Novice: 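Sharing a structure with you now.
Just so it is clear, the model here is predicted, and its values are computed rather than measured.
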Amino acid sequence: MDLASAAAKLYALLPSEFTAERNRAAKAARAEGNSLLAKQIGRLPKPSTAAWAVNMLALRKPDEVAQVLELGESLRRAQEDLDPASMRELGQQRHKVLAAVVRQARALATDLGVTVSDAAATEMEATLRAAMADPDAADAVRSGHLVRTLASNGFEPVDLSGAVAVPGVLSEAPHKRAKKTADDDGERRAEQERRAEQERRAEESRAEEKRREREEAQTEVDEAERAVQQAEAELSDAEHHLSEVASRRSELNKELGELRARISELEEELTAVDREAGYAERTRKLAARLAEQEHSAARRARERLDRL
């Protein structure tokens with residue numbers, strides 16, 4: 001057993017199993033008389049939840065990790081070629097791919113009985129984003145030996161100090177950093193100039209996009225203001241019409257009140273006339289009876305006269 005093989009077994013375990021298995025492996029190395037290896041194994045740090053989830057992704061879903069890292073290589077080439085169109089397209093793909101891979105990693109962790117919080121998921125995405133930006137960080141992710149998460153500002157190399165349990169497991173690819181030399185400094189300056197030019201073009205693109213957005217926003221404001229003016233005119237017309245209707249209603253209510261008062265007066269007069277008509281009818285009947293009586297008396301008087 002050597003340190004690399006021991007680490008490979010340990011960082012493939014669940015977080016809950018790590019410490020006990022590390023102690024057992026260190027004890028076994030000590031029992032075999034390899035005290036140095038025992039100390040090295042005993043010093044292997046337990047990975048953070050986010051780092052463990054990335055390790056599981058690298059070990060159990062290598063195709064998904066390869067997809068992320070290949071997209072990162074394409075992005076770096078587009079940046080080196082100063083190709084804004086490809087950068088925009090690949091940048092959009094990066095957002096979608098990272099979101100999908102992080103979801104897969106969280107689902108994988110859940111299947112293994114480990115809950116990955118939103119904060120840890122954010123750290124996972126930052127780690128994968130750093131691996132896309134820096135070849136050395138990509139090697140660290142591929143190793144499956146991360147003990148902490150990574151971060152990138154997009155310009156400086158990713159800080160890998162203490163990030164990998166056994167740094168020797170990283171591949172010795174041509175892109176590994178060497179000591180600083182004059183050639184390295186020249187390449188770094190050239191890279192900085194390329195990135196500065198890229199940033200300048202990106203800034204111009206953002207400024208143009210912002211200008212278009214402002215024009216669109218201004219158009220929306222103008223249309224909204226015209227709509228407000230039209231609505232206010234319609235409101236004014238409606239209020240004027242309402243005022244006219246309210247005035248007419250008030251006049252009609254007034255006329256109705258007057259008519260009701262007149263009706264009340266006429267009803268009182270009609271009642272009085274009805275009473276007077278009754279009295280007149282009674283008087284007429286009495287007068288008729290008296291006239292009848294007088295006619296009878298006159299007739300009798302003529303009859304007496306005729307007999308004489």
Novice: Out of curiosity, L75 CG to L90 CG, how far, rounded to the nearest 0.5 Å?
Specialist: 4.5 Å

Novice: Testing the 3.5 Å rule here: is there a donor-acceptor pair between the side chains of N253 and S250?
Specialist: no

Novice: Do NZ/NE/NH1/NH2 and the carboxylate oxygens of R248 and E251 come within less than 4.0 Å?
Specialist: yes

Novice: Would you say L71 ends up clustered with L98 if hydrophobic residues are merged whenever their side chains have heavy atoms under 4.5 Å apart, either directly or through other cluster members?
Specialist: yes

Novice: Strictly distance-based, threshold 3.5 Å: is any side-chain N or O of T127 a donor or acceptor partner for the main-chain N or O of L150?
Specialist: yes

Novice: Kindly indicate, with the supporting measurements, whether the criterion side chain to side chain contact (heavy atoms under 4.5 Å, CB included) is fulfilled by D136 and V158.
Specialist: CA-CA 8 Å; D136 290 345; V158 175; over 6 Å; no

Novice: Under 4.0 Å between a side-chain nitrogen and a carboxylate oxygen: does that hold for E21 and R24?
Specialist: yes

Novice: Are there over 12 heavy-atom neighbours, none belonging to E276, within less than 6.0 Å of that residue's CD?
Specialist: no

Novice: Do V65 and L108 belong to the same hydrophobic cluster, where Ile, Leu, Val, Met, Phe, Trp and Tyr are linked whenever their side-chain heavy atoms lie under 4.5 Å apart, directly or via other members?
Specialist: no

Novice: Say whether F18 and L146 are linked into one hydrophobic cluster, either directly or through other cluster members, by side-chain heavy-atom distances under 4.5 angstrom.
Specialist: yes

Novice: Would you give the length of the straight line joining atom NZ of K46 to atom OG1 of T19, rounded to the nearest 0.5 angstrom?
Specialist: 4.5 Å

Novice: Nearest 0.5 angstrom please: I41 CD1 to L36 CG, how far?
Specialist: 10.0 Å

Novice: What's the spacing between E32 CD and L37 CG if we round to 0.5 Å?
Specialist: 8.0 Å

Novice: Can you find a pair of side-chain heavy atoms, one from S264 and one from R260, that are under 4.5 Å apart?
Specialist: no

Novice: Run the salt-bridge test on E281 and R284 with the 4.0 Å N-O cut-off and return the result as yes or no.
Specialist: yes

Novice: Please assess M56 against V114 for the test side chain to side chain contact (heavy atoms under 4.5 Å, CB included), listing each intermediate value before the final yes or no.
Specialist: CA-CA 11 Å; M56 291 300 99; V114 179; over 6 Å; no

Novice: Could you grab the distance from atom CE of M132 to atom CD of E70, nearest 0.5 Å is fine?
Specialist: 10.5 Å

Novice: Starting from the C-alpha separation in whole Å, work towards a yes-or-no answer on side chain to side chain contact (heavy atoms under 4.5 Å, CB included) for E123 and R148.
Specialist: CA-CA 9 Å; E123 292 179 0; R148 67 169 177 81; over 6 Å; no

Novice: Stepwise, does the side chain to side chain contact (heavy atoms under 4.5 Å, CB included) test hold for L44 with V166?
Specialist: CA-CA 8 Å; L44 290 174; V166 184; 4.2 Å; yes

Novice: Please report the shortest heavy-atom distance between L13 and W52, naming the atom on each side.
Specialist: O-NE1, 2.8 Å

Novice: So, for A26 and G42, which heavy atoms are closest and what is the spacing to 0.1 Å?
Specialist: CB-N, 4.2 Å

Novice: With a 3.5 Å distance limit and no angle check, can you tell me whether S296 reaches the backbone of E292 through a side-chain donor-acceptor pair?
Specialist: yes

Novice: Looking only at heavy atoms, which two atoms of D134 and R76 are closest? And how far apart?
Specialist: N-NH1, 4.1 Å

Novice: Give a yes or no on whether L112 and L59 share a hydrophobic cluster (residues Ile, Leu, Val, Met, Phe, Trp, Tyr; joining criterion: side-chain heavy atoms under 4.5 Å apart).
Specialist: yes

Novice: Mind listing the closest non-hydrogen atom pair of H145 and A8 along with its distance?
Specialist: NE2-N, 3.6 Å

Novice: Checking the side chain of N55 only, and the main-chain atoms of Y11 only, is there a donor and an acceptor separated by less than 3.5 Å?
Specialist: no

Novice: Would the distance check show the side chain of R106 and the main-chain N or O of V116 forming a donor-acceptor pair, the cut-off being under 3.5 Å?
Specialist: yes

Novice: Applying salt bridge (charged side-chain N to carboxylate O under 4.0 Å, His left out), run through R300 and E303 and close with a yes or a no.
Specialist: CA-CA 5 Å; R300 286 192 299 274; E303 288 175 355; over 6 Å; no

Novice: What are the two closest non-hydrogen atoms of A50 and A120, and how far apart are they?
Specialist: CB-O, 3.5 Å

Novice: Look up atom CD in Q93 and atom CD in Q67, then write down how far apart they are to the nearest 0.5 Å.
Specialist: 9.0 Å

Novice: Please name the pair of heavy atoms, one in V164 and one in S143, separated by the smallest distance, quoted to 0.1 Å.
Specialist: CG1-OG, 4.2 Å

